[in-house]
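To start, the structure under review is shown below, and the notes come after it.
Counting starts at 1 for both ligands and their atoms, in listed order. Because the structure is a prediction, the values reported are computed rather than measured.
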Amino acid sequence: MNESRYEPIIGLEIHAELMTDAKMFCGCRVVDSVTAPPNSAVCPVCLGMPGMLPVINKRAVAFALRVALALNCTINQDNVFARKNYFYPDLPKSYQISQYELPLGINGWLDVTLENGATKRIGIRRVHLEEDTGKLTHLEGGGSLVDFNRSGVPLLEIVSEPVIHSGEEARAYGMKIRQILRYLGVNSGDMEKGVFRVEPNISLRPRGTTPFGKRTELKNLNSFRTLAEGTAYEIERQQKVLDAGKEVVQETRGWHEGRRETFSQRRKEEAEDYRYFPEPDLPPLHITEPLIQAAQAALPELPDARIGRYQAVGLSAYEARVIAEDKEVADWFDAAAALYPAPKTIANWLINELFRLLNEHKLSITQQKATPAMLVELLGLVERQTINNNSAKEVLGEMVVTGKAAAAIVAARGLAQISDEGHIRRVVEQVLADNADQVAAYHNGKVQLRGWFVGQIMRQLKGQGNPALVNQLLDEYL
Ligand code: ADP
Ligand code: ZN
Ligand code: MG
């Protein structure tokens, strides 16, 4: 794309449902969109009955505040909710309560690591609170069904500056935002279920010029792969339009998963079409200083800070990144590292062994049963040479599934290392006596046979011989 005479300009709108118990403006529960029976979590407020009054969900405000602070935004302490008016069957009030002129947070930023390892700072224009709409299901034979369970679910909108230049950058930024929302515990990041939705705005301008071109907004991308792919597709499509001497139409386009292309959905409304005006049923929302301080205090250590801390204790950039990727994994690592003074050893066991086991059993770190303390106990057994490394891996494999203590598994499986000198001595003598030819060959210069002797001895000891002792005694006899 670099050789093109156009420069792609991309800004992302991200919508994230907040994991509160109740909806944004009523007491209805927030329920799972897939498993809950349709229209089972609704009331006159979220069904848009005339005369019903909304009440602001304080927890949603606290969650939104956390996100705005984590994204380095300036907080507008006086917030005003607005009505965004439009007609659509999934919007029973015919307006959405949103924030317009005074959003909760403005002028934030986020540092994103790109594939080539470079860091790019992406400006965040605004972070604001609104409510989600209902959900339509279009029937094959015509007609549609509407489910209002989602109507009124707290929704956070995060709008970037138009400073992204490729599908890959869009993806890196989107993934970082999702990671932070997960760290903050405010959103699950499940794109398939639509609780985290990324919509890129895309335009092209001739390289070296300033004014932006006409943009399209891309919807129904249900994975980061389709975000990168759909964005790249749209850049190429617009380029062809411009190369043909035509104009890009400002519109909303959908991503067609089967055909892997974008298609026109509707002509883009301008802001004035929404007839925004302050919501008369809600008082202005004042964000007090104590509220900001409480949100600040509730922020966990964020991914970048954690990666820095891990590298400072000797982990590689790769190790630091994969451990910090998921907060639960990072918490597990921290708990183990607090009990055992070798963070690098813990990182090795976590990345090379535990991750493999999680993958094999399709378990998350919180579902598997080995606690940090249990791993540390296991490492102690290796350190004291009660068991060797291979046995320790076997023990961890069982621990993850059964949650049994290392010592119990070692005893039950008879894995304890053999360090009885007399026992090993007898085996060494036996092996050398049984292989007199090889011993002679060894003494005639075939020194590589030494490894073979070790193998034979270990086989007799069922792999549980103390390696140092085996080597020492073998040397003595050879
Ligand atoms: P809306 O789409 O609701 O009118 P905004 O004007 O806030 O909202 O813009 C939405 C997003 O589009 C922002 O992320 C912004 O950076 C981006 N954007 C604005 N103009 C352009 C453009 N010409 N090309 C690409 N992205 C743009
Ligand atoms: Zn309700
Ligand atoms: Mg938009």
task = For Pro200 and ligand 1, answer yes if some heavy atom of the residue is under 4.0 Å from a ligand atom, otherwise no.
result = no
For Ser160 and Gly11 the tightest heavy-atom approach is OG-CA, 3.5 Å
The angle formed at the Zn ion (ligand 2) by SG of Cys26 and SG of Cys43 is about (to 10 degrees) 110°
For Glu217, the ligand 1 atoms with a heavy-atom partner under 4.0 Å come out as 2 (O)
Looking at Glu325 and Arg321, is any side-chain nitrogen of the basic one under 4.0 Å from a carboxylate oxygen of the acidic one? no
Gly213 heavy atoms within 4.0 Å reach ligand 1 at atoms 23 (N)
Here the vertex angle at the Zn ion (ligand 2) for SG of Cys46 and SG of Cys28, given to 10°, is 110°
Judged by heavy atoms only, the candidate from Arg215, Glu161, Lys84, Gln250 nearest atom 8 (O) of ligand 1 is Arg215
| Given side chains that start at C-beta, do those of Leu12 and Asn201 come closer than 4.5 Å, heavy atoms only? | no
query: Is any NZ, NE, NH1 or NH2 atom of the basic residue among Glu319 and Lys344 found under 4.0 Å from an Asp or Glu carboxylate oxygen of the other?
result: yes
Here the atoms of ligand 1 under 4.0 Å from any heavy atom belonging to Gly11 are 14 (O), 16 (O), 17 (C), 26 (N)
Ligand 1 to Val159, heavy atom cutoff 4.0 Å, flagged ligand atoms 13 (C), 14 (O)
Exercise for review: Could you tell me whether Lys93 sits above the aromatic face of Tyr95, with NZ or CZ closer than 6.0 angstrom to the six-membered ring centre and within 45 degrees of the axis?
Suggested key: yes
So the atoms of ligand 1 within less than 4.0 Å of a heavy atom of Leu12 turn out to be 14 (O)
State whether the shortest distance between N or O atoms of Pro162 and N or O atoms of ligand 1 falls below 3.5 angstrom.
yes
Just checking, is any N or O donor in the side chain of Gln238 or Thr216 under 3.5 Å from an acceptor N or O on the other one?
-> yes
Quiz item: Thr262 and Arg253: side-chain donor and acceptor closer than 3.5 Å?
Solution: yes
In ligand 1, the atoms that come under 4.0 Å of a heavy atom of Ser203 are 22 (C), 23 (N), 24 (N), 25 (C)
* Please state whether Lys214 comes within less than 4.0 angstrom of ligand 1, counting heavy atoms only. => no
*Close side-chain approach of Asp190 and Phe196, heavy atoms under 4.5 Å*: no
One finds that the ligand 1 atoms under 4.0 Å from a non-hydrogen atom of Ile9 are 24 (N), 25 (C)
### Task
Describe, in one word, how the ring planes of Phe333 and Tyr310 are oriented to each other, choosing from parallel (under 30°), tilted (30 to 60°) and perpendicular (over 60°).
perpendicular
